[in-house]
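What follows is a single structure, written as structure tokens, with notes after it.
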Amino acid sequence: GAVVSQHPSWVICKSGTSVKIECRSLDFQATTMFWYRQFPKQSLMLMATSNEGSKATYEQGVEKDKFLINHASLTLSTLTVTSAHPEDSSFYICSARDLWGHGNEPTNEKLFFGSGTQLSVL
Amino acid sequence: GQQVMQIPQYQHVQEGEDFTTYCNSSTTLSNIQWYKQRPGGHPVFLIQLVKSGEVKKQKRLTFQFGEAKKNSSLHITATQTTDVGTYFCGIQGAQKLVFGQGTRLTINP
């Protein structure tokens with residue numbers, strides 16, 4: 001199956017620093033990638049939709065200046081947590097969407113997830 | 001926006017017992033997907049259901065899509081310790097997938 005590579009797997013940083021997380025689709029092109037945040041024992045909370053070549057779409061309550069998303073190519077999206085604070089500590093997961101189907105309109109989709117990044121801000 | 005309710009939140013069973021998780025939406029869905037996340041891991045796609053009343057099986061897992069396409073279930077027959085994890089349903093929102101709250105399955109060997 002398709003593979004999505006996410007790194008780093010974990011990062012510990014000081015408060016006030018910025019952290020960049022990369023998400024790569026290794027064997028398919030993903031025009032759309034998604035960034036999620038997950039707290040322990042909770043569901044995945046969608047933060048933003050990353051679209052190749054255009055601005056990301058942020059979910060309500062997610063600060064776009066805090067969580068910078070860049071999707072410069074069909075295989076790479078990055079999430080930068082700027083001026084990180086302890087409350088930003090969380091598990092961040094990316095996913096890439098693979099679309100397929102018959103005719104002009106894709107009718108099937110599947111999300112492939114990266115392995116996640118555990119961010120700890122001291 | 002699109003929302004889906006998933007129940008139960010937790011389920012603890014003895015190994016060998018069956019397990020079912022349910023997802024319900026107030027609106028008709030175009031499709032529904034199921035994912036499994038092992039402890040400490042990332043979600044892995046299990047299946048997508050598209051047709052009304054659809055039933056699909058993967059070994060001991062049975063997935064159903066309701067006739068009205070508003071609900072879905074995942075049933076595991078005779079659970080094994082490898083089934084441990086959190087099961088999420090995902091529904092199609094506006095160009096994005098919205099996940100249910102997840103059902104965390106734990107198993108007593």
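Residue numbers start from 1 in every chain, and the chains themselves are labelled A, B, ... in the order their sequence lines are given, proteins ahead of strands.
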Structural part of A:Thr49 lying under 4.5 Å from a heavy atom of chain B: side chain
For B:Tyr22, does the OH atom sit with more than 12 other heavy atoms under 6.0 Å from it, leaving out its own atoms? no
Plane angle bin for B:Phe99 and A:Phe113 - parallel if under 30°, tilted between 30 and 60°, otherwise perpendicular: tilted
In the structure I gave you, are the side-chain heavy atoms of A:Lys110 and B:Gln48 within less than 4.5 Å of one another anywhere? no
Mind running side chain to side chain contact (heavy atoms under 4.5 Å, CB included) on B:Lys96 and A:Glu59 for me, showing each step along the way? CA-CA 11 Å; B:Lys96 61 189 179 186; A:Glu59 295 301 300; 2.7 Å; yes
Which region of B:Gln37, side chain (C-beta onward) or backbone (N, CA, C, O), has a non-hydrogen atom less than 4.5 Å from a non-hydrogen atom of chain A, or is it both or neither? side chain
Within 6.0 Å of NZ in A:Lys41, more than 12 heavy atoms from elsewhere: no
Does any heavy atom of chain B fall under 4.5 Å from the side chain of A:Leu44, the backbone, both, or neither of them? both
Distance-only, no hydrogens or angles: does the A:Ser43 side chain make a donor-acceptor pair with backbone N or O of B:Gly100 under 3.5 Å? yes
When you group the ILVMFWY residues by side-chain heavy-atom contacts below 4.5 Å and let the links chain together, are A:Ile93 and A:Val121 in the same group? no
Quick one: what part of A:Gln42 sits under 4.5 Å from any heavy atom of chain B, side chain, backbone, both or neither? backbone
4.5 Å side-chain heavy-atom contact, A:Leu111 and B:Leu97: yes
With side chains defined as the heavy atoms from C-beta onward, is the minimum distance between B:Phe45 and A:Asp98 less than 4.5 Å? no
